[in-house]
Trainee: 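Following this message is one structure expressed as structure tokens.
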Amino acid sequence: MSPASLPDRMLEGRHEPFGALARDGGVNFAVFSDHAERIELCVFETSGARELRRYVLHGPHNGVFYGFLPGVGPGLVYGLRAHGPYRPHEGHRFNPHKLLLDPWAREIIGQHHWRAEHRGYEPGHPQGAHSFDTRDNAATALKARVQTPTGPAAGLLNAPRHLPSELVLYELHVKGFTKTHPGVPAPLRGTYAGLAHPAAIAHFKALGVTTLSLLPVQYALDEPALAERGAVNYWGYNTLGFFCPNPRYASAGSDPVAVADEFRQMVATLHDHGLEVVLDVVYNHTPEGDETGCTLSFRGLDNASWYRLVADDLSRTENLTGCGNTVNVAHPRVTQFVLDSLRYWVQDMGVDGFRFDLAPVLGRTAHGFDPRAAFFTALRQDPVLARAHLIAEPWDAGYDGYQVGRFPGRFLEWNDKFRDSVRRYWLTRGTGRGEFARRFTASNDLFHHAQRRPSASVNFIAVHDGFTLADLTSYSRKHNRANGEDNRDGRDNEPCANFGVEGPTDDAAIVALRGRVRRALLATLVLAQGTPMLCAGDDIGHTQGGNNNAYNQDNASTWLAWDRADHDLRAFVGRCVALRRGDPALRYDRWFTATPQDETHCGIVWLAPEGRELQVDDWHDHDEHAFACQITCGAAPGRRLLLLFNPEAQAVDFHLPARRWVLALDSSGDLPDGAVSAAPLAAPAHSLLVLTEDMA
């Protein structure tokens, strides 16, 4: 392409949709800015190295600048320059010397490096971030490329559509899951294609999980501090391209078309095997950081609209995320941006849902978090997103940021109270029976309101952020020095126990004890009421050496060590999931009552080891921890299920109700399956037992 081949002028075109759309023998462009005075479209040669021509967009019309460029099409490389006031004290940071990435870009080309000329102010100037930098950064800035229009993703046609009551989530990192997997061909390891390889799918099927929850896969940047020391943001929570899959995980190379095609094929293949794909998405902050950060896209287009600013100092961005800035989702156009992005991943990429990082930001208004915020209203009525799973991380880093149980509508929510209470119960008996029972039955204190179901509670023992299961049973404190932050990062006082030795040991008794507790924790997670979420690697005994914040460890410490996989543990998890799937009482998605109300309901009764019902005083007895629950489904006589919990260091005798019982599961492995004849039944130390009624 040469300047001579480009049209002389920009036609008026349409002010929707946002971004660049190839149509009618040209490309239509639209970008919003409430405060810009003029926005220019800059066209580049194919490599993005040389700017060929600039066009002034029409508008604004209702805050939108737009235009139609005839005679061009897919493959056109472009950027934006926004003219307007540079008055940081008023929240405005327009600087036309900075080439800006289109927020709606479907394809991104170039390699980003944190360079001084990407800042809108002059580093080292006495006025700091209030100064104005005149260096042009176009040569090294990322650019957008016009996408060839695509139809609906193939993954939409074969999506499994699992009901919330059926979900078993499996959180994983695309690269880390297969990077060392011997069954995946070397060129595919750590990639989208690798995740859809038969060897990976065989593992998912053996476990019985229904839904893969992928750590961020949208186009992300490494933070400047990490880049300076040659480290990376392995987890990927620093999104810049909200419509683009990250090329880091593509086996087909870095070309955006090939990357997107590989991602779509991954989703379609997983769907063929009954597996859903949920994306961890980050709409709460961007890589531009605080007011001293760079001007890459949003800040230069309209800082005062895209970001929340400090009320008494508009030159500063409000930091409710711990990452320097907070996206202003309360702005109507930003709400539209987020919804456009979500719809794109459903319609064009075929995914089945989203887990929203630091989700209270989405409902932040001028008065704090509001579950009736405009974004939630728009999301709940969206017909495209009606089929998508919605999962909230219900806390952020700001004031009033802990909002577990307050999300509206179809949202499921990560339940950290389940994590901590269940850990303490099995690790140290530091949680009483009442708290444990409440968490085991889906935390009705948090979710039993506004027609919400028990499945709203996403239960977990471990996730990417924190100790792995192996580490929380092997370490009594965090070991994060490899992160380069002098062990200051990561959660302090995370519930954990080393059982006598810090880290690895050859002591057979300690190894056996750790294994028993791990199985009890996993069985509790899978069999508890609510939505279980396993963390990839916990099912095979993966360790990170006690690092509970391995966000910048793209190495063998975070890649699953398949050569040391505990296959017996994986088989145990698969057995627990199969038990849950096969018994409706273990995936009951209504609130338990004391007795069944009719054939469709289940009732629950809590029992002391002596066989009597627990009374008020029993719930407050901190010296006793072993107990049982009997679940009865349907009207009399009803079918019964009995679960025995014994976190003690010795066996506890349980007097069973007068029924014919069959042992379906003993997490300790000490007791054989089959009919139970002992009266009482000695539940082994550190064990969860499941007994079903023999109706024969």
Trainee: Per the salt bridge (charged side-chain N to carboxylate O under 4.0 Å, His left out) rule, what does the pair list look like for residues 262-280, sequence neighbours excluded?
Mentor: D261-R264, D280-R355
Trainee: Got a sec, which residues hit side-chain hydrogen bond (donor to acceptor under 3.5 Å, both in side chains) with D133, two or more places apart in sequence or on another chain?
Mentor: K98, R135
Trainee: Mind checking ring pair (Phe, Tyr, Trp, His ring centres under 6.0 Å) for F65 and listing every partner two or more places apart, or none if nothing turns up?
Mentor: none
Trainee: side-chain hydrogen bond (donor to acceptor under 3.5 Å, both in side chains) with N28: which residues, sequence neighbours excluded?
Mentor: none
Trainee: Do any pairs count as a ring-ring contact (aromatic ring centres under 6.0 Å, His included) and have a residue in residues 264-291, sequence neighbours left out, and if so which ones?
Mentor: F242-Y283
Trainee: Run the ring pair (Phe, Tyr, Trp, His ring centres under 6.0 Å) test against F29 and tell me which residues pass, sequence neighbours left out.
Mentor: Y78
Trainee: Please tabulate, for the side chains in residues 9-22, all donor-acceptor contacts under 3.5 angstrom to protein atoms that are two or more places apart in sequence or on a different chain.
Mentor:
| unit_1 | atom_1 | unit_2 | atom_2 | d |
| --- | --- | --- | --- | --- |
| E12 | OE2 | Y66 | OH | 3.1 |

Trainee: Between W235 and Y237, what is the ring plane arrangement, given parallel below 30°, perpendicular above 60°, and tilted in between?
Mentor: perpendicular
Trainee: Do Y121 and H130 have ring centres separated by under 6.0 Å?
Mentor: no
Trainee: Sequence neighbours excluded, which residues qualify as ring pair (Phe, Tyr, Trp, His ring centres under 6.0 Å) partners of F407?
Mentor: F369, F376, F411
Trainee: Can you name the residues that form a side-chain hydrogen bond (donor to acceptor under 3.5 Å, both in side chains) with R81, not counting sequence neighbours?
Mentor: E51, D136
Trainee: Going by the rule ring pair (Phe, Tyr, Trp, His ring centres under 6.0 Å), which residues pair with W559 if we only count those two or more places apart in sequence or in a different chain?
Mentor: none
Trainee: Would you say CD of Q111 has more than 12 non-hydrogen atoms from neighbouring residues, nucleotides or ligands within 6.0 angstrom?
Mentor: no
Trainee: State which residues pass side-chain contact (heavy atoms from CB on, under 4.5 Å) with L314; sequence neighbours excluded, sorted by chain then number.
Mentor: L309
Trainee: side-chain hydrogen bond (donor to acceptor under 3.5 Å, both in side chains) with D382: which residues, sequence neighbours excluded?
Mentor: R343
